[in-house]
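What follows is a single structure, written as structure tokens, with notes after it.
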Amino acid sequence: MPHLALYTFGVLKSPLADPAPLTRELHDTGEAVYPKITQHPGYLARAEPADRDRGTHFDLDWGAWGEFAVPTWYGKGRTVETIALDATLSLWTGLSPAFDAIYTGLHREALNRRYDWFERTGHPSYVFWWVADGVTPTWQDGVSRLEHLHDHGSAPHAFTFHHAFAPDGTPTRIKGIGPKSDQVR
């Protein structure tokens, strides 16, 4: 059975190393949200450094998730002092569990604050695609799909909640969002 891959990417208003209250608040919120997300029904896995070491995203060993990558339009730093991004890569059993995890609880509260922490870039902040069971998506897969979504819009190759596709490539939706369709998954 295919799994749903999710890549998220945001450009922060200030570097992660910035000691300002808003930056600290973002970090603390993430520390509270991640454990909740991983306990949500339908969650399978997320990219975490293989060695659990501290460093920049670019320096870490991500194991099967591949070398860390960012979209071509990211123009901020890549060092501990200058990096200003937040990215996630995860696997889910389907659209409904991912939707429920993202739009409820602590994560929903964090989403309501996203413009306090993140720049409005004019680029999509997330993308979904289906992967075969046993396949681990890579950071580069996520970047490629996000850039494809930006350049071409939703397609079975790269899509959003609002314009979603089933594993067989047919348009689908989650009840209450997305284009009108007879299919509700």
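All of these numbers come straight from a predicted model, not from anything done at the bench. Note that these values count all heavy atoms, side chains included, but never hydrogens, waters or copies made by symmetry.
Looking only at side-chain heavy atoms (C-beta outward), Phe159 and Leu149 stay at 4.5 Å or farther from each other. Contact check for Thr29 versus Arg113: no side-chain heavy atoms found under the 4.5 Å cut-off. Side-chain contact between Leu146 and His123: absent, with no pair of heavy atoms (C-beta onward) separated by less than 4.5 Å. Proximity of Trp130 to Val135: side-chain heavy atoms (C-beta onward) are nowhere separated by under 4.5 Å. By the 4.5 Å heavy-atom criterion applied to side chains, Ser125 and Phe118 are not counted as neighbours. Inter-residue side-chain proximity for Trp62 and Pro49 is flagged as met; some heavy-atom pair is nearer than 4.5 Å. Residues Val143 and Phe9 form no side-chain contact, since every pair of their non-hydrogen atoms from C-beta on lies 4.5 Å or further apart. Annotation: side chain of Lys76 is not in contact with side chain of Ile83 (no heavy-atom distance under 4.5 Å).
Side chain of Glu147 to backbone of Thr72: a donor-acceptor contact under 3.5 angstrom is found. The backbone N or O of Ala164 sits nowhere less than 3.5 Å from a side-chain atom of Arg173 that would complete a donor-acceptor pair. Of the possible donor and acceptor atoms, none in the side chain of Trp117 sits under 3.5 Å from a partner among the backbone N and O of Ala110. Panel note: side chain Thr104, backbone Asp100; a donor-acceptor pair is recorded below 3.5 Å.
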Distance-only donor-acceptor hits, side chain of residues 84-94, under 3.5 Å, sequence neighbours excluded:
residue: Thr88; atom: OG1; partner: Thr8; partner atom: OG1; Å: 2.3
residue: Ser90; atom: OG; partner: Trp92; partner atom: NE1; Å: 2.9

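In the hydrophobic clustering of this structure, Leu111 groups with Ile37; members are Ile, Leu, Val, Met, Phe, Trp, Tyr whose side-chain heavy atoms approach within less than 4.5 Å, directly or through other members. Connection of Val80 to Leu60 is not established within any shared hydrophobic cluster, with ILVMFWY side chains joined at heavy-atom distances below 4.5 Å, either directly or through further cluster members. At a threshold of 4.5 Å between side-chain heavy atoms, the hydrophobic network of Ile, Leu, Val, Met, Phe, Trp and Tyr places Trp65 and Leu44 in one connected group. One hydrophobic cluster holds both Leu22 and Leu26 under the rule that ILVMFWY side chains link at heavy-atom gaps under 4.5 Å.
Under 4.0 Å is where a charged nitrogen must lie from a carboxylate oxygen, and between Arg24 and Asp28 at least one such pair does.
Expressed to the nearest 0.5 Å, how far CG of Leu12 lies from CG of Asp18 amounts to 10.0 Å. Here CG of Asn112 is found 11.0 Å from NE2 of His107. Values are rounded to the nearest 0.5 Å. Atom CG of Leu16 is separated from atom NE2 of His57 by 6.5 Å, given to the nearest 0.5 angstrom.
Taking the six-membered ring for Trp and the full ring otherwise, the centers of Phe58 and Trp139 sit at least 6.0 Å from each other. Taking the six-membered ring for Trp and the full ring otherwise, the centers of Phe128 and Phe161 sit less than 6.0 Å from each other.
Of all heavy-atom pairs spanning Gly30 and Pro35, the tightest one is O-CD, 4.4 Å.
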What do the steps show when you test Asp133 against Met1 for side chain to side chain contact (heavy atoms under 4.5 Å, CB included), and what is the final call? CA-CA 6 Å; Asp133 187 24; Met1 173 141 221; 5.5 Å; no
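Defined by atom type and a distance below 3.5 Å, a donor-acceptor pair is missing between the side-chain atoms of Ser144 and Asp141.
More than 12 heavy atoms of other residues, nucleotides or ligands sit less than 6.0 Å from atom CD of Glu25. No more than 12 heavy-atom neighbours from other residues, nucleotides or ligands sit within 6.0 angstrom of NZ on Lys36.
A cation-pi contact links Arg46 to Tyr34, judged by a cut-off of 6.0 Å to the six-membered ring centre and 45° from its axis.
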